[in-house]
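Counting starts at 1 for both ligands and their atoms, in listed order.
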Amino acid sequence: MKACVLHAIGDLRTEEVTVPVPGPGWVLVKVAACGVCGSDIPRVFEKGTYRFPLIPGHEFAGVVDAVGEGVDAARIGQRAAVFPLVPCMRCAMCAVGAYAQCADYDYLGSRCDGAFAEYVVAPEWNLVPVPDGLSLEEAAMCEPAAVAAHALRQAKIDLGATVAIFGAGPIGLMLAQWARAWGAARVMLLDVDREKLQFARSLGYEFTSNPKEEDAVAWVRGHAPLGADVVVEGSGSAAAFEQTVQCAKPFGAVVLMGNPAGAMTLSQKAYWAILRNELRLHGTWNSSFAELRGNEWQMSLDAMAAGRIDVKPLISHRTGPEGLLDHMVMMRDRKGFFNKVMMVN
Ligand SMILES: [Zn+2]
Ligand SMILES: [Zn+2]
């Protein structure tokens with residue numbers, strides 16, 4: 001099969017490799033589509049994967065092609081999105097369904113082979129059937145959609161809330177959709193990239209602002225004088241962290257989601273704002289796959305199938321495996337506008 005294999009940091013090659021064989025309890029998935037995650041860019045160009053060689057790619061959906069021992073053959077032909085985290089099922093966190101906090105997990109696309117390939121193997125447990133009428137490209141967006149849902153659920157958002165989101169990339173835009181679906185009265189999007197804001201407006205999010213061009217805190221407070229009920233930091237920049245804290249309403253929630261670009265320091269003024277306004281600061285990580293905590297993967301596919309969130313317009317680029325590296329370079333160098341870049345087979 002054709003696969004994009006990372007041999008060393010910065011050395012991604014599209015080459016022929018053997019199709020993997022599913023072990024007991026695992027299935028072989030024929031990959032239809034696999035999105036490029038923002039985290040794949042530093043993974044490929046700066047940090048590397050857990051080991052080499054390895055096939056990256058963790059935002060995918062496909063069709064079950066073969067099953068390993070102990071898996072019902074009726075699975076073959078089923079369309080599925082795949083939760084890429086493989087929990088140990090033995091630790092204290094796994095015991096309560098907090099798989100993202102597992103002490104000893106495996107991960108398709110960073111610790112073991114992922115889906116920038118024609119086929120990938122995954123545990124049967126990780127499959128979420130895709131509802132009829134939903135394309136596999138859309139289903140491949142289940143991972144970021146679930147991450148966005150998880151972030152927003154941390155805030156315990158209320159009906160009529162004002163929500164400010166720092167970062168208007170794919171996850172920011174999915175957060176915006178979730179916020180509306182959850183009954184937010186106003187959704188504000190902030191980003192330092194003009195084209196991302198223009199794109200957000202084309203999707204119907206008219207409240208957008210560029211912190212490089214105007215004071216972000218003053219702008220949010222211009223639309224919500226007491227501050228926003230929920231503020232999401234999705235950019236990973238310390239400047240945005242400072243602003244999120246300063247534009248939150250008293251007793252409001254700040255959700256910290258963006259992977260930090262460096263030290264995330266706060267001014268004394270911002271720190272005072274946390275104390276005086278009794279802000280709730282929530283970290284968010286990955287998504288929930290457990291019924292007990294609400295399966296955000298199922299939630300996401302259901303919301304897509306019902307039209308409550310629409311991820312299709314977020315796909316800005318499609319490429320085959322051969323063009324993946326060029327697209328990743330484009331993303332790394334920010335050579336043009338992109339939203340969700342997707343490898344399709
Ligand atoms: Zn991702
Ligand atoms: Zn575990």
Side-chain angles (χ1 to χ4, degrees), residues 4 6 25 31 33-50 54-62 81-117 120 122-123 125-126 128 137-152 167-175 178 232 234-236 257-260 283-290 292-293 296-297 300-301 304 309 311 314-317 324 327-328 331-332 338-343:
C4 302
L6 191 67
V31 178
C34 181
V36 180
C37 180
S39 71
D40 285 324
I41 302 306
R43 184 169 291 121
V44 166
F45 296 109
E46 287 165 36
K47 295 180 192 149
T49 40
Y50 214 65
L54 189 135
I55 302 168
H58 61 266
E59 300 182 358
F60 66 102
V82 183
F83 181 57
L85 191 151
V86 184
C88 76
M89 295 299 187
R90 292 181 304 271
C91 75
M93 293 296 108
C94 282
V96 293
Y99 304 120
Q101 282 71 35
C102 171
D104 186 25
Y105 62 91
D106 215 340
Y107 206 93
L108 308 181
S110 73
R111 296 182 172 211
C112 61
D113 282 339
F116 289 141
V120 63
W125 181 86
N126 292 54
V128 190
E137 283 190 6
E138 289 168 279
M141 306 269 278
C142 189
E143 197 262 359
V147 165
H150 191 65
L152 198 59
I171 296 200
L173 292 174
M174 284 189 247
L175 255 158
W178 279 122
V232 181
S235 74
M257 180 184 73
N259 290 345
T284 183
W285 189 246
N286 213 308
S287 53
S288 167
F289 196 67
L292 190 63
R293 294 166 175 268
E296 288 149 356
W297 282 65
S300 296
L301 290 180
M304 287 179 201
I309 64 168
V311 297
L314 305 186
I315 305 170
S316 61
H317 294 72
L324 183 66
H327 280 77
M328 285 188 160
M331 291 172 73
R332 180 194 67 190
F338 63 89
N339 209 280
K340 181 53 76 183
V341 175
M342 197 160 273
M343 188 212 75

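Residue Glu59 counts as close to the Zn ion (ligand 1), with an N, O or S atom under 2.8 Å.
For the pair Gln101 (side chain) and Met93 (backbone), a donor-acceptor distance under 3.5 Å is absent. The main-chain N or O of Val36 is found under 3.5 Å from a side-chain atom of Lys340 such that the two form a donor-acceptor pair. Checked by atom type and distance alone, the side chain of Trp178 never pairs as donor or acceptor with a backbone atom of Ser300 at under 3.5 Å.
Minimum interatomic distance between Gly109 and Thr49 (heavy atoms only, all atoms of both residues): O-CG2, 4.2 Å.
Between the NE2 atom of His58 and the SG atom of Cys37, the angle centred on the Zn ion (ligand 1) amounts to 100° when rounded to 10°. Between the SG atom of Cys88 and the SG atom of Cys94, the angle centred on the Zn ion (ligand 2) amounts to 120° when rounded to 10°. With the Zn ion (ligand 2) as the vertex, SG (Cys102) and SG (Cys91) define an angle of 120°, rounded to 10°.
Between the Zn ion (ligand 1) and the N, O or S atoms of Glu143, the shortest distance is to OE1.
When each of Tyr105, Phe289, Trp297, Trp125 is paired with Tyr99, the ring pair (Phe, Tyr, Trp, His ring centres under 6.0 Å) condition holds for Trp125 and for no other.
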